[in-house]
There are 2 protein chains.
Amino acid sequence: MSDDTRHSSAPTLEEVAVIAGVSRSTVSRVINRSPRVTAEAIAAVERAIGELGYVPNRAARILASRRTFAIALVIPENTAKFFADPYFASVIQGVALGLSSTAYTLSLLIAPEADAEKTRAFLQAGNVDGALILSHHSDDRSYLALSRTLPVVFGGRPMSDEGENAYYVDVDNVAAAEHAVRHLISRGRTRVATIAGPADMAAGLDRVEGWRRALEAAGLEADLVERADFTPAGGEDAMRRMLARGIPFDALFAASSQMASGALGVLREHGLSVPGDIAITSIDNDYFAQSATPRLTTIEQPSVEVGRTMARLLVDRIEGRDVTQVTIMPTQLVEGDSV
Amino acid sequence: MSDDTRHSSAPTLEEVAVIAGVSRSTVSRVINRSPRVTAEAIAAVERAIGELGYVPNRAARILASRRTFAIALVIPENTAKFFADPYFASVIQGVALGLSSTAYTLSLLIAPEADAEKTRAFLQAGNVDGALILSHHSDDRSYLALSRTLPVVFGGRPMSDEGENAYYVDVDNVAAAEHAVRHLISRGRTRVATIAGPADMAAGLDRVEGWRRALEAAGLEADLVERADFTPAGGEDAMRRMLARGIPFDALFAASSQMASGALGVLREHGLSVPGDIAITSIDNDYFAQSATPRLTTIEQPSVEVGRTMARLLVDRIEGRDVTQVTIMPTQLVEGDSV
DNA sequence: TTGTATGCGTTATCAT
DNA sequence: ATGATAACGCATACAA
């Protein structure tokens, strides 16, 4: 057992050098893929590395090179509540996947709003080469300042005004919503209600806006709005309030399939058929959309790709390559049986 | 702009020492809260730190102390497919939360099965102080070996035989399933079918086992089993197969609420009422359970707490404190309207 | 192309 | 209680 501890010291670059019969510098060059090394040297070093099972010590590397090869994925605490949102989870997965083929390590930071300062200090202290901010709320202001000292890429358009020159990946929520609503109108629906997202989230605002535009373009009235929090339970409540108004409508656009699925239950309860009485479209082709009865007609977002793209862009920025500030990912309508 | 780069070098411990008028050693002691420092020295150093906005360089610290203050959360790639599973997401969130109050950093690793070796090497190389393994599959064998050289805590009981002396946090899946099925029986149901999880996942196996035990204890037949993959779509297919058998049953125990929600749609399609014709219980009090119609009666697992506990246990192990090898978290039945 | 020497910012050992 | 100094493991300018 004391044996265990003794052997736990990992092989060092020095040992590799000895076995390969070259200097430490050469080993270092091979590891860092420097072009100025002979094929034989490379072979010898790689053999030695394999033999020893050598893996570079990250800390030493960071200290010497002044680069960390680490990026942070920052999730403000209130956003973390949406952790169970399939869209959200997919983006995180995409980030991790996008990074897995690189030398970068992903550091997951759930930032308590209380001391966002502490988080910023950590990020500024050179612990990471860049940061990905996944904030769906308007509290991204504190992180925008970060952009001045550290490569940062946002997931979703930052809401604060200072977000003008931030780098971010997003979908066109206004267009997506418009598309969903136009689809309802094209099927002859004329009275389209909406269950919108929170007013302090970009996706919340933009999707109502798209709904409004589609209706106005068709000369239809845009007055039936209920807000919820993107969850099924929220959608349920919103639908109850909507029905309580007593104003008839023949279609619903829900800003998220989760809310749509909550609303579906209430409609069923009230004996309203879908799509017979009420046609529905929503955003997010997730489990909720796919397992709803009837299956929802939705706008699909390339969630995993959004994450993957965020990661790629950040790495590109870190490594000095030019990247566009705003990346809008494509969305598409996926037909279900709710329209 | 070149100004920016010039100033980007963070203040060092050395600079703090100069301003505070003490040696580097003393500064280091203050930072590490060594008891052997005078109050005046502490005050002077802290003033200097505040003045400079000094933050210790992580890499240097790691290199010198041979500790990383980082822990890895390893998610084998095939498990990553379950990323959108609310249970899974909650556990991750719990881990992040549990760590946020400590000095440890969370490094998220999605490990391609192809080179699980590469991942192991990274972990062995001293890049982290410990690892959390979230594997729901039987492929955890490769990670069990890790336990010998690194503090490791598993989420969910490891499936391999060598898992005997692994540290893990889990719920009693057998008991949970038994509870769910007993509830059905206590309501007078006698013909209980089950939609089970995959046979290569501990939760898959254990929950069928619980179902079987409950039925046998009641002298009822345990023969109606269909396997699925824990997703709504899988539940849907499984239910179709179940109905295709043509064998009547009056209750269903689904190993996950996601599958139950998929099954619900099929039952409705076939004109079967819940709980009238078929009573249902399932595991996981998540969105799916809560937004189903009717709301599902389920067994709730403390998912966030599982994650938080995993984090706490790992930190305890790393810091040499004694911890129990197996931690079983409590579950409870939450009544919905499906029974 | 390769090796030598120095430095990265901190902790730890040893004196004092 | 404090300070000088040697590691920690690697990258890199410079020399060869």
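Hydrogens, waters and symmetry mates play no part in the numbers below; they use all other heavy atoms, side chains included. Chain naming here is simple, since letters A, B, ... match the order of the sequence lines and numbering starts at 1 in each.
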Starting from [atom2] on [N], measure out to [atom1] on [X] and report it in whole angstrom.
X        : N      : atom1 : atom2 : answer
A/Arg36  : D/dC14 : CZ    : C1'   : 14 Å
A/Ile31  : D/dT12 : CD1   : P     : 12 Å
B/Arg67  : D/dG9  : CZ    : C1'   : 19 Å
A/Glu14  : C/dA5  : CD    : P     : 13 Å
A/Asn127 : C/dT10 : CG    : C1'   : 13 Å
A/Ile62  : D/dC8  : CD1   : C1'   : 14 Å
B/Arg24  : C/dT13 : CZ    : C1'   : 14 Å
A/Glu15  : D/dG9  : CD    : P     : 9 Å

Classify the nucleic acid contact of [X] as base, sugar-phosphate or nothing, counting any heavy atom under 4.0 Å across all strands shown.
X       : result
A/Ala41 : sugar-phosphate
A/Val27 : nothing
A/Thr12 : sugar-phosphate

Under-3.5 Å donor-acceptor pair between [X] side chain and [N] base:
X       : N      : value
B/Thr38 : D/dT2  : no
B/Ser65 : C/dA12 : no
A/Arg29 : C/dG3  : yes

May I ask you to verify if any side-chain N or O of B/Ser25 is less than 4.0 angstrom from the OP1 or OP2 atom of D/dG3? no
Quick one: is C/dG3 close enough that its OP1 or OP2 comes under 4.0 Å of any side-chain N or O from A/Thr26?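 Checking C/dG3 against A/Thr26, a side-chain N or O does come within under 4.0 Å of OP1 or OP2.
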Side chain of [X] - closest among [options]:
X       : options               : answer
B/Arg66 : D/dG9, C/dG9, D/dT2   : D/dG9
B/Asn32 : C/dT11, D/dA11, D/dA1 : C/dT11
A/Val22 : D/dC10, C/dG9, C/dG3  : C/dG3

When you measure from the side chain of A/Arg317 to the backbone N and O of A/Val152, does any donor-acceptor pair fall under 3.5 Å?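 Such a contact is found between A/Arg317 side chain and A/Val152 backbone.
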Tell me whether B/Arg36 contacts the main-chain N or O of B/Arg29 through its side chain, where contact means a donor paired with an acceptor under 3.5 Å. no
B/Phe69 to B/Arg58 - nearest heavy-atom pair and separation: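 Closest heavy-atom pair between B/Phe69 and B/Arg58: O-NH2, 2.7 Å.
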Can A/Leu313 and A/Tyr167 be said to form a side chain to side chain contact (heavy atoms under 4.5 Å, CB included), step by step? CA-CA 9 Å; A/Leu313 288 181; A/Tyr167 285 74; over 6 Å; no
When you match B/Leu63 and B/Pro35 each to their closest nucleotide on DNA chain D, which lands nearer the 5' end? B/Pro35
A/Thr68 and its side-chain hydrogen bond (donor to acceptor under 3.5 Å, both in side chains) partner, picked from A/Thr105, A/Asp129, A/Asn127: A/Asp129
